[in-house]
Structure formats: C-alpha cells, structure tokens
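Hydrogens, waters and symmetry mates play no part in the numbers below; they use all other heavy atoms, side chains included. Since the model is a prediction, treat every value here as computed from it, not as a measurement.
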Amino acid sequence: MARGDAPGVVAAVARGDDTYVTAAGVQTVGGPPMRPDTLFRISSVTKPITAAVVLGLVEDGLLDLNGAVDALLPELASRRVLRRPDGPLDDTTEAERPVTTRDLLTFTWASACRAPCSCRRSRGRS
C-alpha cells in the first residue's frame, strides 16, 4: 500500500448493448497489473454471515434447527426427489421428510445421501 499498489479488481457494468470493463491494482503484491482477462478466485462471505444470523435466531429460540422450513421457503415444501440418484429425471417420488434448517446449514438438503459425509459412491476402486 505504501508504494501505491492496491489489491486487484476487475469491474464490469452493462446496460443495454453498452458494456464497460476496467481493471485496477495488481495481481499480487509487487506483481503485474490486473488486466480485464486476469483469472482470480472469487470468495463470498454471504454463507457464513447468513449461518451466523440463523444460529443466533436458533439460540434466541426464534427458529428450530431441526424444524421444517416449509413456511419460510414454500418453494421447498412438498418437493419430489429422484427415486435413485442415478435414475432418470422423470422417475420421482415424494420426499421422505421436509427440508430442515439444519439441512440448509450443512448443505445436505439436496443430497442423495441419507447421512452427511458418510455416503461415497464407489467408482470401481476399494
């Protein structure tokens, strides 16, 4: 920062048929300047912040960690799921249970596995 180097940023704004793209800063400390086509990792803090807020609501007794989210997210209610993870997309059945707050926080609500982190598909290796 003392040398005037800033973390790299690429910004794009589009409106109608007009697009504006610009780059500023550097790719790494003391490295080359950022270009509009520079590849870089994008990180989001939305999920951890949302999880912290949700857990605060659970702690305050306003939300049940194991409760169904149907009333809050009606688009997840009465969902149909594949009969088999490798089955055709039109071979569905009603879900065995509703999606819970815990499912959303652990990213297991759309998983074909019944137990988080314990299902691994065999690929012919032991």
Side-chain angles (χ1 to χ4, degrees):
M1 296 299 277
R3 292 191 319 249
D5 293 341
V9 63
V10 174
V13 178
R15 183 173 183 180
D17 292 332
D18 297 327
T19 303
Y20 175 76
V21 179
T22 189
V26 293
Q27 293 179 26
T28 60
V29 175
M34 190 65 89
R35 298 184 332 234
D37 63 347
T38 299
L39 299 177
F40 55 96
R41 181 179 297 234
I42 298 174
S43 180
S44 170
V45 295
T46 304
K47 289 180 184 114
I49 290 172
T50 301
V53 170
V54 168
L55 291 174
L57 293 172
V58 169
E59 186 176 61
D60 292 344
L62 300 171
L63 192 61
D64 181 5
L65 192 58
N66 296 309
V69 298
D70 295 1
L72 298 171
L73 300 167
E75 61 272 22
L76 296 182
S78 304
R79 63 199 165 87
R80 298 191 61 80
V81 296
L82 292 176
R83 289 184 192 276
R84 294 184 347 259
D86 61 344
L89 297 180
D90 60 353
D91 186 16
T92 64
T93 186
E94 289 183 26
E96 293 178 5
R97 62 175 184 79
V99 175
T100 66
T101 305
R102 181 183 303 271
D103 292 328
L104 296 177
L105 289 174
T106 58
F107 304 104
T108 57
W109 74 273
S111 174
C113 296
R114 294 184 190 268
C117 302
S118 65
C119 275
R120 294 224 168 96
R121 232 181 184 177
S122 173
R123 299 200 184 260
R125 293 178 238 155
S126 53

- Query: Is a side-chain N or O of Gln27 found less than 3.5 angstrom from the main chain of Met34, in a donor-acceptor match?
  - Reply: no

- Value for CG (Leu105) from NZ (Lys47), rounded to nearest 0.5 Å, stands at 12.0 Å

- Message: Nearest 0.5 angstrom please: Arg79 CZ to Leu73 CG, how far?
- Response: 11.5 Å

- Could you list the residues that satisfy side chain to side chain donor-acceptor pair (under 3.5 Å) with Thr46, not counting sequence neighbours? Ser44

- Could you walk me through whether Leu89 and Leu82 pass side chain to side chain contact (heavy atoms under 4.5 Å, CB included), step by step? CA-CA 7 Å; Leu89 297 180; Leu82 292 176; 4.3 Å; yes

Give the minimum heavy-atom separation between [X] and [Y], together with the two atoms involved.
X: Ala14; Y: Thr19; answer: CB-OG1, 3.9 Å
X: Asp37; Y: Arg35; answer: OD1-NE, 2.9 Å
X: Val21; Y: Ala12; answer: CG2-CB, 4.0 Å
X: Pro36; Y: Val10; answer: O-CG1, 3.9 Å

Atom [atom1] of residue position [X] - does it have more than 12 heavy atoms of other residues, nucleotides or ligands inside 6.0 Å?
X: Glu75; atom1: CD; result: yes
X: Arg15; atom1: CZ; result: no
X: Leu39; atom1: CG; result: no

- Verify the cluster assignment for Leu55 and Leu62: are they in a single hydrophobic cluster under the rule of side-chain heavy atoms below 4.5 Å apart? yes

- Message: With heavy-atom distances below 4.5 Å as the criterion, would you say the side chains of Val81 and Thr92 are in contact?
- Response: no

- Message: Is the shortest side-chain heavy-atom distance between Val69 and Leu104 below 4.5 Å?
- Response: yes

- Note on the structure: From the list Thr101, Leu57, Val54, Thr100, side-chain contact (heavy atoms from CB on, under 4.5 Å) with Leu65 holds only for Thr101

